[in-house]
There are 2 protein chains.
Amino acid sequence: MANKKCIIRLLRYKNALHRLHSLGFVKVFSDNLADAVGVTASQVRKDFSLFGICGNKRGGYQIEALLEKLNHILGKNEQQKVVIVGGGNIGAALMKYKGFEKEGVKIAACFDIDPAKYHHKEGDIPVLPLEELKNFSRANHIRIGIIAVPDIAAQQVLDLMLSAGIKGIVNFAPIRLRASSDCFINNVNLVLELETVIYFIVNGLEKSIAEIHEEQKS
Amino acid sequence: MANKKCIIRLLRYKNALHRLHSLGFVKVFSDNLADAVGVTASQVRKDFSLFGICGNKRGGYQIEALLEKLNHILGKNEQQKVVIVGGGNIGAALMKYKGFEKEGVKIAACFDIDPAKYHHKEGDIPVLPLEELKNFSRANHIRIGIIAVPDIAAQQVLDLMLSAGIKGIVNFAPIRLRASSDCFINNVNLVLELETVIYFIVNGLEKSIAEIHEEQKS
DNA sequence: ATAGTTTTGTGAATAATTTCACTATAAAAT
DNA sequence: ATTTTATAGTGAAATTATTCACAAAACTAT
C-alpha cells in the first residue's frame, strides 16, 4: 500500500506546505501542490485518499489541517533522535548540517573508533567511542542510525546497530548490507547519484527524461 | 526504455563486478549478480538484454568483458569532470570524499560566493569565486555540476550552471528546481532520506518492506 | 556421439503505479 | 433560490516494471 515512493511524495507535500504556510497561504488545491512537487494533481489526490486525507470539494485543502495530518502520518509530531556512526567526511558534514534540526530530527551523538575524534563539549554533538553505541542507544531509546563509515566496516556497524535495538538505518556506505533481523535500510550512495547523471549526459538523453526526483528512484 | 531505476541497477552491477573481479573471479552468473545487488536473476538478464549485453548459455558472463560493456554504456571509459557550487558543509565533505575519484569522477573545482573560502593550492581542489564558474566550465568542458548551496540560492545557481553549458545536475538543496532548457536534474535530499526511515519505524512497518535500495528511492 | 544438466534470452503473464475521466459536492454568481 | 463553476474523490484504464516459465544453447559426463 504505502510504499517508499509514496512516502517520499508525502514528505515533499509536507515541505511544500511548510513553504506555502510561511508565505501566508491558508488553503491549497491539489494542482498547486502537484506543481510545487512536480507530480500530477491526480497523484496528489490519490496519495491523500490512500491515507484518508480529505479536503473540500471546490474548496481545496486547509493548509494547517493538512500539515497536521501529514505530520502525524509521517511521525513528525515527536522529535526523532538519531545517531551517526562514523565521524569522517560524511558524518562530520551531517553533524554540521542545519537541515535536520529544522525538520525535527535531533542528532543525539556520533560514534567512531578513532580516539582523535572523540569530543564532548556542552552544546555540541558529542563524538563517543563506538563501544558506547549500545548503551547510549538503549538509554536514549534511539531507533534510527546513520552509517557513515567506509564500506569495509559498514556490515559490522549495521550488526552492532541492530544489536543495540536500532531498526531504521540510513546507509551511506556503497555496499549492500545484509540484515538478519527485521529492519528498514535506506541506502544512499552519493557516487551513484552522480554516475546516474553522467549516464544521461554522456548518452545525450537529457530530453527524454527531463527531471527525475530520486528516489522516483530509488 | 532505460529509465533511472534501470541505470542505477546497471551501476550496481558494475560495482559488484568490480568487487568480484578484484577477488579473482573470472565469470559470473545472473543469479550471483542478482544476489550481490539484491534483485532477481531475471531482472539482471532483462536489464542486460535491454542493452544488448549477452553472455554464454550455461557459461554465464565473462566479468572483464561485461565490465567493459557496462563501463562503455555508463560513460565510464573517459574520466568525467564535475564542478561543485557551494563550499559549505556538504560541498566540503564531497571535496574530501574519496569515493568519486575511485569511480573515475574528478571534481575539478568548487565555487562559492564567500571570499573566506577561496583557496588555490597545488594538489587540492580549488575553491573559486562563483563569477568564474562560467568561464571555468566552458574552458574545461564541464557538463556536470553539483549544487550544494542553501535552498534559497539553489535556483539561481542552477540558472547559472545552465548558462555555463552544464546539463547534468545533482542537487542537494531541498527545493524543487525549475529548468527552462533541457537538462537532467537528480535531486538528493538528505533530510528526506532520513525522514523516510522515520516513517517506516514510527509506523512499525519494518517487516513489510525490509530493505529498499533508493530508487527503488527514488 | 549422445544424453543430461545448467543457464541464458525473451515473450507472455503478472503486478505495481500512474493517469484518466467522470461523479458528487461545495462555493460563487446570478 | 437556482444555476454555474471549480475541485475533490475514486473506480477504471493505461502504462510501466517485474517476474515467470520455457525454448535454445553450451558445457559435462558417459
Side-chain angles (χ1 to χ4, degrees), chain A residues 1-10 12-13 17 20 25-63 65-66 69-70 196 205 208-218, chain B residues 1-10 12-13 17 20 25-63 65-66 69-70 196 205 208-218:
Chain A
M1 167 210 185
N3 60 15
K4 190 182 169 192
K5 255 164 129 172
C6 179
I7 299 308
I8 289 178
R9 284 195 303 267
L10 289 192
R12 291 211 162 102
Y13 302 148
L17 286 167
L20 292 170
F25 288 93
V26 171
K27 68 178 187 180
V28 69
F29 301 118
S30 60
D31 69 336
N32 305 142
L33 219 38
D35 188 55
V37 164
V39 299
T40 64
S42 40
Q43 180 83 83
V44 173
R45 297 200 301 272
K46 236 326 177 252
D47 286 338
F48 285 180
S49 112
L50 206 63
F51 287 92
I53 293 174
C54 48
N56 312 306
K57 304 221 161 158
R58 172 109 203 221
Y61 304 85
Q62 295 297 312
I63 290 179
L66 184 50
K69 277 179 199 149
L70 285 176
T196 307
L205 298 181
S208 69
I209 307 177
E211 182 176 352
I212 295 194
H213 304 265
E214 61 266 38
E215 276 262 72
Q216 267 135 302
K217 87 68 191 149
S218 50
Chain B
M1 167 211 186
N3 59 15
K4 191 183 170 192
K5 252 163 131 174
C6 178
I7 299 307
I8 289 178
R9 284 196 302 265
L10 290 192
R12 291 213 162 102
Y13 302 148
L17 287 167
L20 291 170
F25 289 92
V26 170
K27 68 178 187 179
V28 69
F29 301 119
S30 58
D31 69 335
N32 306 142
L33 218 38
D35 188 54
V37 165
V39 299
T40 64
S42 41
Q43 179 84 81
V44 173
R45 297 200 301 271
K46 219 6 158 231
D47 286 339
F48 286 179
S49 112
L50 207 63
F51 286 93
I53 292 173
C54 46
N56 312 305
K57 304 226 161 156
R58 171 115 202 217
Y61 304 84
Q62 295 297 312
I63 290 179
L66 184 50
K69 277 178 199 148
L70 286 176
T196 307
L205 300 181
S208 69
I209 308 175
E211 183 176 352
I212 295 195
H213 305 265
E214 56 269 38
E215 155 329 316
Q216 242 145 310
K217 222 158 180 55
S218 267

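Since the model is a prediction, treat every value here as computed from it, not as a measurement. Naming: A, B, ... by sequence-line order, numbering from 1 per chain.
To the nearest angstrom, P of C/dT17 lies 11 Å from CG of A/Asp47. Atom P of nucleotide C/dT17 and atom CG of B/Asn3 are separated by 14 Å, given to the nearest angstrom. A straight line from CD of A/Gln43 to P of D/dT16 spans 14 Å, rounded to a whole angstrom. D/dA26 atom P lies 14 Å from atom OH of B/Tyr61, rounded to whole Å. If you take CG of A/Leu50 and C1' of D/dA8, they are 16 Å apart, rounded to a whole angstrom. Rounded to whole angstrom, the span from the NZ atom of A/Lys46 across to the P atom of D/dA14 amounts to 15 Å. For the pair B/Leu66 CG and C/dT8 C1', the computed distance is 13 Å after rounding to whole Å. Between the NZ atom of A/Lys4 and the C1' atom of C/dT17 there is a distance of 16 Å, rounded to whole Å.
B/Ser49 pairs by the side chain to side chain contact (heavy atoms under 4.5 Å, CB included) definition with nothing, not counting sequence neighbours. Residues satisfying the side chain to side chain contact (heavy atoms under 4.5 Å, CB included) test with A/Ala36, not counting sequence neighbours, are A/Ala16. Partners of A/Asp31 according to the side chain to side chain contact (heavy atoms under 4.5 Å, CB included) rule, which considers only residues two or more places apart in sequence or in another chain, are A/Phe29, A/Ala41. For the side chain to side chain contact (heavy atoms under 4.5 Å, CB included) test, no residue two or more places apart in sequence or in another chain qualifies with A/Lys57.
Atom-to-atom distance recorded for B/Lys27:NZ and B/Ile63:CD1 is 10.5 Å, nearest 0.5 angstrom. For the atom pair CG (B/Leu33) and CZ (B/Arg12), the distance works out to 12.5 Å, reported to the nearest 0.5 Å.
Pairs engaging residues 33-54 of chain B under the salt bridge (Lys or Arg N to Asp or Glu O under 4.0 Å) rule: A/Arg178-B/Asp35, B/Arg9-B/Asp47 [sequence neighbours left out].
Here A/Phe48 lies out of heavy-atom contact (under 4.0 Å) with every strand.
Between A/Ser30 and D/dA8 there is a side-chain polar atom (N or O) within less than 4.0 angstrom of OP1 or OP2. At the phosphate of C/dT19, OP1 or OP2 sits under 4.0 Å from a side-chain N or O atom of A/Thr40.
Across its full length, the helix from C/dA1-D/dT30 to C/dT30-D/dA1 shows an angle of 10° between the axes of its 5 terminal pairs at either end, rounded to 10 degrees.
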Run B/Cys6 and B/Phe51 through side chain to side chain contact (heavy atoms under 4.5 Å, CB included) and show every step you take. CA-CA 10 Å; B/Cys6 178; B/Phe51 286 93; 3.9 Å; yes
For A/Gln43 and A/Thr40, what are the C-alpha separation, side-chain angles and deciding distance, and is it a side chain to side chain contact (heavy atoms under 4.5 Å, CB included)? CA-CA 5 Å; A/Gln43 180 83 83; A/Thr40 64; 3.3 Å; yes
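Nearest nucleotide to the side chain of A/Lys5, out of D/dT10, D/dA8, C/dT18: C/dT18.
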Summarise how protein sits on nucleotides 21-30 of chain C as a single string, 5' to 3': B when a protein heavy atom is under 4.0 Å from the base, S for sugar-phosphate-only contact, - for no contact. B--BBBBS--
